[in-house]
Number of protein chains: 2
Amino acid sequence: MVESWATSPSGQALGIDLHVEPTGPGLRKGLTDALRTAVRGGRLAPGSRLPSSRTLAADLGIARNTVADAYADLVAEGWLTARQGSGTRVAERPVETHRVGTPTPARGRRPRSGLLHDLHPGTPDLSSFPRAEWLKATRRALAAAPNEALGYGDPRGRIELRTALAGYLARARGVHADPDRIMICSGFVHGLMLLGDVLRARGVQDVAVETYGLDVHWNILTRSGLHTHPLPLDQLGTRTDELATGEWATGELATGETDVGAALLTPAHQFPTGVPLHPDRRTAAVDWARRTGGLILEDDYDGEFRYDRQPVGALQGLDPDRVVYFGTASKSLAPGLRLGWLVLPQSVAAEVTEAKGISDWSCGVLDQLTLAEFIGSGAYDRHVRGARLRYRRRRDQLVTALAERAPDVRVTGIAAGLHAVLQLPPGTEQSVVRAAAWQRLGVSGLSSFRHDTAPAEPAQDALVVGYGTPPDHAWSGALEALCRVLP
Amino acid sequence: MVESWATSPSGQALGIDLHVEPTGPGLRKGLTDALRTAVRGGRLAPGSRLPSSRTLAADLGIARNTVADAYADLVAEGWLTARQGSGTRVAERPVETHRVGTPTPARGRRPRSGLLHDLHPGTPDLSSFPRAEWLKATRRALAAAPNEALGYGDPRGRIELRTALAGYLARARGVHADPDRIMICSGFVHGLMLLGDVLRARGVQDVAVETYGLDVHWNILTRSGLHTHPLPLDQLGTRTDELATGEWATGELATGETDVGAALLTPAHQFPTGVPLHPDRRTAAVDWARRTGGLILEDDYDGEFRYDRQPVGALQGLDPDRVVYFGTASKSLAPGLRLGWLVLPQSVAAEVTEAKGISDWSCGVLDQLTLAEFIGSGAYDRHVRGARLRYRRRRDQLVTALAERAPDVRVTGIAAGLHAVLQLPPGTEQSVVRAAAWQRLGVSGLSSFRHDTAPAEPAQDALVVGYGTPPDHAWSGALEALCRVLP
C-alpha cells in the first residue's frame with residue numbers, strides 16, 4: 001500500500017499487526033472480504049480484538065471511513081461484534097477452521113497422564129522449584145548482561161555460567177574444572193549425542209555401558225552408529241575391572257579387538273540399582289582408560305544428593321584427561337530448564353566444540369545467565385540443601401513404612417538420590433507392577449532398565465521407586481498406595 | 001562420615017557445599033591436607049569464602065574445634081585469611097592451577113571481535129532487546145506455570161507458546177497454524193536439521209536451494225546426507241518455475257530423476273539479494289510441490305520487517321499441506337534466546353515430532369512460557385513495531401547517504417529486513433571488502449553467499465550491509481565508515 005503501514009504511530013499505540021490483502025475492485029469490499037475470510041478460516045480467533053478503525057486505516061494507508069464501513073458490514077453480517085469500551089471483536093461462534101487432524105501424540109519418557117501417584121524415577125519434586133529466587137536471579141542477569149550476550153554466541157555457552165560451574169563443581173563435586181573446558185548443553189542427552197558423534201567420527205565402534213540403565217541413553221549412542229555392550233554388575237558396582245578383558249562383551253566387539261573405546265558409567269550412584277562404584281572399581285576404570293586411550297563418560301546425574309555422608313567426589317577428579325564429566329540441572333532444579341554441562345578432557349574439547357558449533361544451537365542465554373547468578377549468589381547451594389533435607393525425609397519414611405508394612409521387601413542401594421530399589425520376592429515383579437498400574441500408581445520394574453543383551457540370569461525382581469517426584473502434599477498418599485500393592 | 005552432613009541446619013544457613021575427603025591418621029591433619037590441596041590446585045579460588053567452622057563441622061559430622069584448628073593451621077601457612085566480619089577466605093595469591101591449555105577458540109558465525117563497526121548481516125540491534133518487558137513477562141510466566149511445565153515435556157514445546165504463535169502467525173503472517181502442528185525448536189538451524197534428517201530418512205537425496213544464501217544452512221542439509229542444488233535467480237526472484245524441469249540442477253541429480261524432493265526458499269525477502277518471490281513464482285513453487293509430492297521449506301526469517309507496504313503473507317498460506325514454515329525470534333528479538341518454530345504439514349508432523357522426541361531436548365520452558373506471555377500481552381507486536389520504525393529510519397539514512405556520497409553504488413532489493421544490497425561497479429567487490437577490513441569495518445561481499453556449484457556467470461559485485469546490528473548510538477559512525485570505503 002503506502003509507506004505509513006510499517007511505522008504508523010497509531011498502529012503502535014494499539015500494537016497489533018493484522019495481515020490482510022485487500023483485493024478486488026473496491027477497497028471497502030476487498031477489505032471486508034479479506035476480514036471475512038480471516039474470520040471464517042479461523043485466522044482471527046473468536047473473541048480476539050481488532051485494531052481500531054483509525055489504527056488499521058493508518059496501517060493500511062487508507063481512509064478511516066473505509067475501515068469503519070468494512071467493520072460495520074461485518075458486524076451486520078454477524079462476523080464481528082462492536083461494543084462500547086471493548087472495541088471491535090471477532091464474534092464468539094463456532095468457526096469452521098481448517099483442521100486436518102492432529103499428529104500422533106508426543107511420546108513422553110513414560111506415560112504419566114492418568115496416574116493418581118507418580119513414583120517413576122527420574123523427575124524431582126517440581127512443586128519445590130524455587131520460582132521466587134529464580135525470578136530474582138533473572139532480574140539480576142537481565143540487568144547485568146552485556147548486549148553481545150544476546151547474539152549468536154560461543155558454542156560452549158556463556159562464560160559467566162561456565163565460570164560459576166567451574167567453581168561449584170570443584171567445590172561440591174571435586175571436579176577439576178576449567179571454564180574453558182566446560183560446555184553447556186541442553187541436558188544430558190544432548191551432551192551424550194555430541195560425544196557419541198565425536199567418538200564415532202574417531203572410529204570408535206563399541207562402548208561399554210552398565211547392565212541397568214536408561215534405554216534412551218543407549219539409543220542415543222546407537223543412533224551415532226555405536227554398539228553398546230553391558231558390563232556385569234555385582235555388589236561392588238559395575239565390573240569395570242573386566243573392561244580390559246573384553247570377555248564380558250555380549251557377542252563379538254565390532255572391532256574384533258578386546259577394547260571398547262569408551263565406557264558410560266554412573267559412578268556416584270548407579271542408575272537405577274543405587275550401588276556406588278567401589279574405590280577399586282574406580283581405579284580400575286581409570287587404569288583401563290589410561291592404558292587403552294579410552295574415555296570414561298561419567299553421568300553424575302544426582303551427585304548432589306547423598307544422605308548418609310558427604311558424597312563421594314566425581315570420578316573425573318582422578319583423571320581429568322580421561323573422564324568426560326556430565327552434570328545436569330534436571331534433578332537439582334528442573335528438567336524443563338534443559339540445562340546440562342560437560343567438563344571435557346583436553347583431548348576431545350576441540351572436537352566436541354566443533355560438533356556443537358556445526359549444529360549452532362545452544363541453550364537460551366537468559367537461562368544460562370540466570371543459573372550463573374543463581375549459583376554465584378549461593379541460591380543454588382541453599383536450594384540443593386533444602387531439597388536434600390526433603391528427599392532424605394521421604395526416603396526415611398519409605399524405609400520405615402516398608403519395614404512395618406512389607407517386611408518381605410528389602411530396600412537396597414545407598415541412601416542417595418531420588419529413587420530407591422525395593423527387592424521383591426522372586427517372580428513377583430511383573431504382578432506388582434501390574435497391580436500398581438491397576439491402582440493408577442506409576443512405578444517401574446527393575447527389569448525395564450535391563451540392557452537387551454545382558455544375560456537373563458540372575459534375574460532380579462525389584463521395583464525402582466522415585467520418591468522425589470510427588471509434591472509434598474501428595475507424598476504420604478503415594479507412599480500409602482505403594483505399601484498397598486506390595487506383597 | 002555421619003548422617004548430619006546432608007541436612008545440617010547450620011550448613012543451610014551458610015548454604016555452601018564443600019567437598020573434601022579427609023584422609024590419613026588424624027582428622028585435623030586430614031582436613032588440613034585436603035583444604036590445602038584444594039587451594040593449591042585451584043579448586044578453591046583466591047578470595048572465595050569458606051564455610052564457618054561451625055557449619056563445616058556440622059556438615060562433616062566432626063567437632064567444631066577440629067575445623068577451627070585446621071583453618072588456623074592454614075591461616076598460619078598463608079593459604080587462608082581470617083578477618084573479623086568477612087569470615088575465612090582463600091588468600092589472594094598466585095596459585096599454580098592445573099591448566100593444560102585451552103581448546104581452539106570457538107568459531108562464531110563470522111569474526112566480529114576487533115571490529116570498530118559491524119555491518120555483517122544477520123544480527124538485530126541487541127541493545128534494543130526489551131529487557132524490562134521481558135522481565136515482566138518472565139514474572140507472569142513463572143507465576144502462572146503449572147508444576148508439570150517444569151518437567152520433561154512434549155517434544156513439540158509448550159502448548160502455551162504454540163497457541164500464542166498460532167494466533168500471531170495467522171494474524172501477522174497469514175499462516176494457517178494449528179497449535180498441534182507447531183513445533184518449537186532452538187532456532188532455524190535446529191529446525192532445518194530435523195527436517196533434513198526426516199527428508200533423508202524418507203529417501204530424498206536432492207534439495208533445491210537458492211543461488212545465494214548461507215552456507216551454514218546448506219551444510220546442515222549436507223550433514224543429513226542430502227545434495228543441494230542452487231536454483232537460478234532473476235529479477236522476479238528465484239526461478240521456481242524451473243523446479244519441474246531439473247535442467248537447472250548442477251551436475252546430475254543423485255536420483256537420476258528430474259525431481260528434487262524439497263526446496264529451501266526465502267520467499268518474503270530473498271536472503272541476501274533482497275528480492276521477494278514474484279506471485280507467479282510463488283504459484284509455480286506450490287504447483288511443483290503438489291504435482292511431485294515435494295516439500296517447500298519456507299524460511300521466513302525477517303517477515304515482520306517490511307517498510308514500504310504491508311508484508312506479503314507467508315507462502316505457507318497458499319498450501320499448508322506442502323509448505324513447512326520456519327519462523328524465528330532471532331531477528332525480531334535476539335538470537336541468544338535460541339527460539340524458533342516450525343509449522344508442519346500433516347504429512348510430516350509425526351515424523352518430525354518423533355525425530356525431535358528421540359533427541360529429547362527442547363528449549364528451556366521458561367523462555368517458551370515467557371515468549372507466550374510476551375506475545376499474548378501485545379508486547380511482541382509493540383516491540384516489532386518499534387524495531388520496524390528504527391530499522392526503516394536507518395535504511396532511509398543509508399539510501400540518502402549513498403545517493404550523496406557514492407552515486408556509483410545502487411541499493412537493490414525491497415525496503416525490508418535488516419540488510420541492504422549495494423551494487424558495486426564491476427570488479428570492485430573484493431577491493432571494497434578488503435578496504436573495509438583495513439578500517440575494521442565488518443561488511444560482507446555478496447559473493448561469499450554464493451553457492452559453490454552455482455554458475456560463475458553472471459558475476460555480481462555487491463556488498464551485503466546489515467544495518468540492523470549497530471546500537472543506535474553507533475549507527476551514524478558506522479554509516480560514515482561505510483561511505484568512506486565505497487568507490
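Lettering follows sequence order; numbering is per chain, from 1.
Of the two parts of A:Pro471, neither the backbone nor the side chain holds a non-hydrogen atom closer than 4.5 Å to a non-hydrogen atom of chain B. If you measure heavy-atom distances from B:Val352 to chain A, you find no contacts under 4.5 Å at all. Within the 4.5 angstrom heavy-atom criterion, no atom of B:Pro124 approaches chain A. Contact annotation for A:Ser330: only side-chain heavy atoms (C-beta onward) come within less than 4.5 Å of a heavy atom of chain B.
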Under 3.5 Å, which donor-acceptor pairs do the side chains of residues 125-132 of chain A form with other protein atoms, sequence neighbours left out?
residue  : atom : partner  : partner atom : Å
A:Asp125 : OD1  : A:Ser127 : N            : 2.9
A:Asp125 : OD1  : A:Ser127 : OG           : 2.6
A:Asp125 : OD2  : A:Ser127 : OG           : 3.4
A:Asp125 : OD2  : A:Arg394 : NH2          : 3.2
A:Ser128 : OG   : A:Asp125 : O            : 2.9
A:Ser128 : OG   : A:Arg390 : NH2          : 3.0
A:Arg131 : NH1  : B:Leu142 : O            : 2.6
A:Arg131 : NH1  : B:Ala145 : O            : 2.7
A:Arg131 : NH2  : B:Ala145 : O            : 2.9
A:Arg131 : NH2  : B:Asn147 : OD1          : 2.9

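To the nearest 0.5 Å, the span separating CG on A:Leu337 from CG on B:Leu150 amounts to 7.0 Å. With values rounded to the nearest 0.5 angstrom, A:Leu366 atom CG is found 7.0 Å from B:Trp134 atom CH2.
Ranked by non-hydrogen atom pairs under 4.5 Å with chain B, the options A:Glu351, A:His383, A:Arg139 are led by A:Arg139. Note: B:Gly151 leads B:Ala334, B:Gly317, B:Gly151 in heavy-atom pairs under 4.5 Å with chain A.
B:Asp367 approaches A:Gly364 most closely through the heavy-atom pair OD2-CA, 4.0 Å.
Under the ring pair (Phe, Tyr, Trp, His ring centres under 6.0 Å) criterion, A:Phe188 pairs with A:His217, A:Phe326, sequence neighbours left out.
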